[in-house]
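Only one structure is covered here, and it is reproduced in the block below.
What you see is a predicted model; the values in this text were computed from it and never measured. Below, read A as the first sequence line, B as the second, and so on, with proteins coming before strands; counting in each chain starts at 1.
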There are 4 protein chains.
Amino acid sequence: MVRRQARGQQRIAEILDAALALFAEVGYAAASTNAIAARAGISPGSLYQFFRNKEEIAQALSERLVDALRTAHADAFADRDVVELPLAELVERMTDPLIGFNVANPGAKALFGNTDMPAALAAATRPLHEAVTGRVAAVLAARSPQLSDAEAVRYATVAVHIVRALMGPIVAASEGEREVLIGELRRALVGYLAPIDALSV
Amino acid sequence: MVRRQARGQQRIAEILDAALALFAEVGYAAASTNAIAARAGISPGSLYQFFRNKEEIAQALSERLVDALRTAHADAFADRDVVELPLAELVERMTDPLIGFNVANPGAKALFGNTDMPAALAAATRPLHEAVTGRVAAVLAARSPQLSDAEAVRYATVAVHIVRALMGPIVAASEGEREVLIGELRRALVGYLAPIDALSV
Amino acid sequence: MVRRQARGQQRIAEILDAALALFAEVGYAAASTNAIAARAGISPGSLYQFFRNKEEIAQALSERLVDALRTAHADAFADRDVVELPLAELVERMTDPLIGFNVANPGAKALFGNTDMPAALAAATRPLHEAVTGRVAAVLAARSPQLSDAEAVRYATVAVHIVRALMGPIVAASEGEREVLIGELRRALVGYLAPIDALSV
Amino acid sequence: MVRRQARGQQRIAEILDAALALFAEVGYAAASTNAIAARAGISPGSLYQFFRNKEEIAQALSERLVDALRTAHADAFADRDVVELPLAELVERMTDPLIGFNVANPGAKALFGNTDMPAALAAATRPLHEAVTGRVAAVLAARSPQLSDAEAVRYATVAVHIVRALMGPIVAASEGEREVLIGELRRALVGYLAPIDALSV
DNA sequence: GATGAATGAGTCTTCATTCAT
DNA sequence: GATGAATGAAGACTCATTCAT
């Protein structure tokens, strides 16, 4: 039984890998479930044994991203606390794992870096976006206790949108150009956040 | 003959209106040509008398946006020159017509505010993006002559991405929330551009 | 009024020219009436002022072929009578104008050299085929009075089918190869007809 | 699994049967894939599980014909060798299975007896025509070793065209008329081939 | 007579999803 | 659980033909 579930988990992982890879290549809409199944080495019917529909795949993938990001985030702040860092370094530490993940999994763009998704996809990826935004809001609130919840969320939302907007170009850029763009992204974030960051003077 | 062509022009306008409205509701991919035709009050065949394929509709729509933006931009700077304004006001003047247009035509988001388009759409809307980015780059270069071309284009690209990223939320927001978001957008742009704007000391 | 009709006749001729040219390039089925009209330099509506439907164009074209062939045939036997010639020369004289016409108007293949036409086309071109077959049958009967009508028609039908079958390759062949194929066609016809030709000993 | 594939093979056969029947009735161009599917008792989507497009159906059908003809040909010469027969009997033995097959499957005319095909069909059926012509050329060469390859192929091509040309009438004819036409076809072939057949004195 | 927009059924093909085995 | 055939509603696009001007 454990064996069973283990195999099931592996199948699920394989499907998600296949989906992510396909999303990277052709985008969410153009990635057919049959193609995902084929790339995962299973039959279409089997795919539907694990996911009720295409949307659920995106959902599961989103959850996987949430987990990965949670871990990365925790790692990034393992040694120092969020309130001890200068803003520039904070931005760097928060931004780096996100970029790293997206560069490593370009398919994530379809879930994270997309601004105009079909309604279904938007719904499926909402938890991902909320998780990311929530974490950022928490950090901002921690550093600037005078912020209301609404303000923290608003600033976080804007900041996350900026990150998402530049993720596409960053992932698509050549090695060299990428560094430059990452620099610009950080500069934009610092420029935006400095005025509302209590720890920045 | 003139009558004919006048009617033709009107049909084209009606089709583009219908397409824009549908794009606003369901996005580019989900807007079927048959649905566009139906909404324009014509038959599918008629649509193809004016556009060779779906992509061409997006293209024509893009051109319409380019024209509208060119006009709006010219109007915005009719009285004062680009190099005479403080950065904050410059941002406001450049940003306002864009926002106004997008709020009035929410379908524009599918063409302008989208980050992950099907290849065909991306090709069709490239001129639009280049026109917008080019205009911004020109303004930046005019204010900061020490910038290389590449730098001007890079800063403009990033700035435009930021605008596009926030256009979705701005358009979707309620009246009140919208103003707040617009304020944040401006703050983000000023924060990003001030360090490289020669006129901002 | 005469002027009117003259212009009408010319329009008809232009349409038929356009149709023939298009048939040559893409075949009957793929030649759209709109394309024919465009190539004739008129509007689709105008085309239907002269022909009630696509089939009628093929019909008119067939009639034109019938006329052309009648003339060519008459010319070919202006100096000598059909019963005075050796079979080989007879075949040559009957075959030459047909080949000449088809080489000059490759579109004719769609009407004459086709074996498996849509029912409508077959009906429209029947008169053409009957005219050609009828003429051949008449010649055969003139030379071999002992043939019954049915026999003359049957031999003529087979002979014409052979000609049609080889017309495609002949028209498509290069200059040099063409002569060889024409030779083979003649040999085939002579071989087939000699046994039933009273004048061939 | 074997069961599965067996069913697949049967479906393919059913589709090809349906296609052949429809081709017989309305020709290749007018036979829609939906109609083929309907006649095969399946949905349009199912058809595309076995064939990537309409052309591939024609291709598969051609291959089926090639196989059937190969078998028939082999049977026809099981007892005697090709070089031992008088020309008239050779013609009969080569011609009979072809006629038999076409009479039994009148749709074959669309693939085999057609002279003016859409480009796609022509490509799909080339192997069929080459197989038939090749076999005839081989027989001619075996009987007349002095023939060059080019000559053998040329004579074979012409002979096959003659057969194709008369196949339509033969298939369409009534029982009685058919025999007569078959006789004429043989006579035509013998008349054409006798002069170049070394074994016919 | 001419124009060209309009029609709408029909074409090939795709794809998310289901179901018998 | 797995398989892969089956489904059928769309989708983009075409084309012979009609009709208002």
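Taking CG of B/N53 as the reference point, atom CD of B/Q59 lies at 8.0 Å (rounded to 0.5 Å). Note that CG of B/D17 and CG of B/N105 are 8.5 Å apart. Values are rounded to the nearest 0.5 Å.
Using a 4.5 Å heavy-atom cutoff, the side chains of C/I57 and C/L47 are in contact. Between A/I36 and A/R39, every side-chain heavy-atom pair lies at or beyond the 4.5 Å cut-off. Residues B/L16 and B/F50 are not in side-chain contact: their nearest non-hydrogen atoms beyond the backbone lie 4.5 Å or more apart.
As judged by a 4.0 angstrom heavy-atom cut-off over every strand, D/A31 is placed among residues touching the sugar-phosphate backbone only. Counting any heavy atom pair closer than 4.0 Å across all strands shown, C/F50 reaches sugar-phosphate atoms only and no base atom. If you check every strand for non-hydrogen atoms under 4.0 Å, D/S32 touches sugar and phosphate atoms only. D/N53 comes within 4.0 angstrom of sugar-phosphate atoms only, judged by non-hydrogen atoms across all strands, and of no base.
In this structure, F/dT21 and E/dA2 make a Watson-Crick or G-U wobble pair, each of the two defining distances being under 3.5 angstrom. Searching all strands for a Watson-Crick or G-U wobble partner of F/dC15 with both distances below 3.5 Å returns E/dG8.
The nearest heavy atom of DNA chain E to C/S43 and to D/Y48 marks one nucleotide each, and the one closer to the 5' end goes with C/S43. Between B/N34 and D/L47, the residue anchored nearer the 5' end of DNA chain F, judged by the nucleotide with its closest heavy atom, is D/L47. Closest-nucleotide positions on DNA chain F for A/G45 and D/P44 were compared, and the one nearer the 5' end corresponds to A/G45.
Side-chain atoms of A/Q49 lie closest to F/dG1 of the nucleotides F/dG1, F/dA6, F/dG4. Nearest nucleotide to the side chain of A/I42, out of F/dT14, F/dT7, F/dT3: F/dT3. The side chain of B/R11 lies closest to E/dA5 when the candidates are E/dT13, E/dA5, F/dA12.
Look at C/S46 and you'll find a side-chain N or O under 4.0 angstrom from OP1 or OP2 of E/dT3. Between C/T33 and F/dC15 there is no side-chain N or O to OP1 or OP2 distance below 4.0 Å.
In this entry the distance linking NZ of D/K54 with C1' of E/dG10 reads 12 Å, nearest Å. Distance B/I15 CD1 to E/dA6 C1': 11 Å, rounded to the nearest Å. The distance from atom CD of B/Q9 to atom P of E/dG4 is 14 Å, rounded to the nearest whole Å. Residue B/R52 contributes atom CZ, which lies 17 Å from atom C1' of F/dC15 at whole-angstrom precision. The nearest whole Å value for the distance from the CZ atom in A/F51 to the P atom in E/dC15 is 20 Å. Remark: C1' of F/dA2 and CD of A/Q10 are 15 Å apart, rounded to the nearest angstrom. Regarding A/E55, its CD atom lies at a distance of 18 Å from the P atom of E/dC15, rounded to whole Å. Rounding to whole angstrom units, CD1 of residue A/I57 and C1' of E/dT17 are separated by 12 Å.
A cation-pi arrangement, defined by a distance under 6.0 Å to the six-membered ring centre and an angle within 45 degrees of its axis, is present between C/K54 and C/Y28.
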